[in-house]
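A short write-up of the structure that comes next.
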Amino acid sequence: MKSNVGRWAVVVLLSIDLFGCSSVRARNEIPNQEWTVYPGPRKAVDEMGDIFSSRRSEPDWIKGLITAILVVDLPITTVFDTVVVPYDVYRIYNPEDFEKTRKSSEGPVERKAEGKEAE
């Protein structure tokens, strides 16, 4: 019987990589910020900069693991962000379209909370 350990290792590593994809994480944080082009690679490079400049307090082995994941993730994130550049550019130049969509998808509880913060 053949061992499929190598195949399983690739599947697990790709799953971990896709789970922590910098593009997805960066886009989930953007609504509170200004929308930009290539947010994923920027986030990955910023996180690596934090690790190398010792601004993070994790143990060294965790920093090494995070850095390895980010290095593997960076080319995939860059390709993904290149594919979605038209969407990013449209979103940058038409923010009102997305504000209408976001407000219509919010429930009444979120709208009440927003109204109280504005007062």
Side-chain angles (χ1 to χ4, degrees):
M1 182 184 314
K2 278 183 153 179
S3 175
N4 291 326
V5 174
R7 289 182 187 172
W8 280 107
V10 169
V11 169
V12 168
L13 287 174
L14 286 176
S15 298
I16 290 170
D17 188 47
L18 292 175
F19 181 76
C21 182
S22 297
S23 290
V24 173
R25 290 186 304 126
R27 281 179 169 75
N28 284 334
E29 296 172 359
I30 285 180
N32 299 329
Q33 303 171 0
E34 185 98 13
W35 199 268
T36 62
V37 179
Y38 288 98
R42 289 179 190 184
K43 181 165 185 61
V45 169
D46 287 345
E47 286 181 4
M48 281 191 275
D50 289 346
I51 290 171
F52 292 132
S53 65
S54 300
R55 282 183 255 169
R56 295 180 69 148
S57 61
E58 293 97 356
D60 289 340
W61 70 273
I62 291 179
K63 289 179 185 178
L65 182 63
I66 292 171
T67 303
I69 291 171
L70 289 172
V71 166
V72 171
D73 181 53
L74 191 58
I76 297 168
T77 297
T78 304
V79 169
F80 177 80
D81 278 6
T82 301
V83 170
V84 297
V85 161
Y87 170 78
D88 289 339
V89 171
Y90 180 79
R91 185 152 183 173
I92 289 169
Y93 289 108
N94 299 298
E96 64 279 352
D97 293 345
F98 296 96
E99 285 299 316
K100 286 186 244 176
T101 305
R102 187 176 67 101
K103 287 183 180 180
S104 67
S105 68
E106 289 177 347
V109 174
E110 286 115 358
R111 280 192 223 129
K112 277 185 184 178
E114 244 181 44
K116 287 180 182 177
E117 287 175 4
E119 293 175 357

Sort and list the pairs that fulfil salt bridge (charged side-chain N to carboxylate O under 4.0 Å, His left out) and have at least one residue in residues 35-52, not counting sequence neighbours. Arg25-Glu47, Glu29-Lys43, Lys43-Glu47, Asp50-Arg55

Show your working on side-chain contact (heavy atoms from CB on, under 4.5 Å) between Leu74 and Ser22 and close with a plain yes or no. CA-CA 8 Å; Leu74 191 58; Ser22 297; over 6 Å; no

Do any pairs count as a salt bridge (charged side-chain N to carboxylate O under 4.0 Å, His left out) and have a residue in residues 57-72, sequence neighbours left out, and if so which ones? Arg56-Glu58

Please round to the nearest 0.5 Å and tell me the distance separating atom CG of Asp81 and atom CD1 of Ile76. 12.0 Å

Do you reckon Val71 sits in the same ILVMFWY cluster as Trp61, going by side-chain contacts under 4.5 Å, direct or chained? yes

With a 4.5 Å heavy-atom cut-off, do Pro39 and Asp88 have their side chains touching? yes

Going from CD1 on Ile66 to CG on Asp73, what distance comes out if it is rounded to the nearest 0.5 angstrom? 12.5 Å

Decide yes or no for Ile92 and Val37: does some side-chain heavy atom of the first lie under 4.5 Å from some side-chain heavy atom of the second? yes

Test side chain to side chain contact (heavy atoms under 4.5 Å, CB included) applied to Val79 - qualifying residues, sequence neighbours left out: none

What's the spacing between Trp35 CH2 and Tyr90 OH if we round to 0.5 Å? 13.5 Å

For the residue pair Thr82 / Tyr38, report whether a side-chain donor-acceptor contact shorter than 3.5 Å exists. yes

